[in-house]
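To start, the structure under review is shown below, and the notes come after it.
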Amino acid sequence: PFSTLKLDPDFVARIDQHEADARIIESLIQLGAALGKQVIAKGVETTSIASRLLSMGCHHAQGFAFAGPLAADDFAVHCDKDTASATPAV
């Protein structure tokens with residue numbers, strides 16, 4: 001059994017340029033929702049892609065659009081900063 005469906009960054013990165021990739025991603029998001037699984041988009045590098053994923057129903061994402069790799073202490077500061085500025089989570 002699995003609880004999380006991770007979307008491949010190669011497909012995610014191209015959803016603004018290739019409609020076929022966007023349809024695949026949207027279908028996977030719908031499949032994950034239908035199965036009651038958490039869906040995470042990996043490799044989200046632009047706010048445009050983050051917004052499109054959100055409009056498709058994907059509420060969890062990771063990638064350079066949000067932050068690069070961070071040490072644990074830096075991560076805590078980053079999270080506090082985002083919470084204070086009310087940055088919408090994707």
Side-chain angles (χ1 to χ4, degrees):
F2 66 98
S3 60
T4 304
L5 178 63
K6 293 184 179 182
L7 303 177
D8 186 270
D10 289 333
F11 283 112
V12 170
R14 297 186 310 234
I15 64 172
D16 280 346
Q17 292 88 27
H18 298 94
E19 194 55 35
D21 288 346
R23 286 193 302 266
I24 290 168
I25 291 295
E26 188 167 22
S27 295
L28 290 171
I29 292 168
Q30 292 171 355
L31 176 63
L35 295 173
K37 306 301 179 186
Q38 183 180 52
V39 179
I40 301 174
K42 296 183 68 176
V44 179
E45 296 189 2
T46 67
T47 55
S48 171
I49 289 173
S51 294
R52 185 140 187 215
L53 288 163
L54 188 58
S55 73
M56 292 176 175
C58 183
H59 300 282
H60 302 282
Q62 65 186 60
F64 287 107
F66 309 103
L70 298 170
D73 290 340
D74 294 335
F75 176 74
V77 170
H78 179 75
C79 289
D80 288 342
K81 178 184 72 170
D82 279 352
T83 301
S85 66
T87 301
V90 173

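In this text the structure is predicted, and so the values were computed from the model without any measurement.
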Discussion item. Can you pull out every side-chain hydrogen bond (donor to acceptor under 3.5 Å, both in side chains) where at least one residue sits in residues 21-36? Sequence neighbours excluded, please.
Written reply: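 The answer is Arg14-Asp21.
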Fill in: Non-hydrogen side-chain atoms of Leu53 and Val12 separated by less than 4.5 Å
yes
Worksheet item: Is there a side-chain contact between His59 and Leu54 (heavy atoms, below 4.5 Å)?
Response: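 In short, these two side chains touch, coming nearer than 4.5 Å.
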[X] and [Y]: which non-hydrogen atoms are nearest, and at how many Å?
X: Asp10; Y: Asp8; result: N-OD1, 2.8 Å
X: Met56; Y: Ile25; result: SD-CG2, 4.1 Å
X: Pro9; Y: Gly43; result: CB-CA, 3.8 Å

Item to complete: Please list, chain by chain and in numerical order, all residues satisfying side chain to side chain donor-acceptor pair (under 3.5 Å) with Asp16, sequence neighbours excluded.
Response: Ser48
Practice prompt. Could you pull out all residues at least two apart from Gln17 that satisfy side chain to side chain donor-acceptor pair (under 3.5 Å)?
Written response: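 Once residues adjacent in sequence are excluded, Gln17 has no partner under the side chain to side chain donor-acceptor pair (under 3.5 Å) criterion.
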Practice prompt. Check the hydrophobic clustering (I, L, V, M, F, W, Y; side-chain heavy atoms under 4.5 Å; chains of links allowed) and say if Ile24 and Ile15 are grouped together.
Written response: yes
Discussion item. Please say yes or no: joined through hydrophobic side-chain contacts below 4.5 Å, possibly via intermediate residues, are Phe11 and Leu28 part of one cluster?
Written reply: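 In one cluster with Phe11: Leu28, yes.
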Practice prompt. Check whether any side-chain N or O of Lys6 sits under 3.5 Å from a backbone N or O of Lys42 as a donor-acceptor pair, and report yes or no.
Written response: no
Item to complete: I would like to know whether Ile29 and Leu7 meet side-chain contact (heavy atoms from CB on, under 4.5 Å); could you show each step before the answer?
Response: CA-CA 8 Å; Ile29 292 168; Leu7 303 177; 3.8 Å; yes
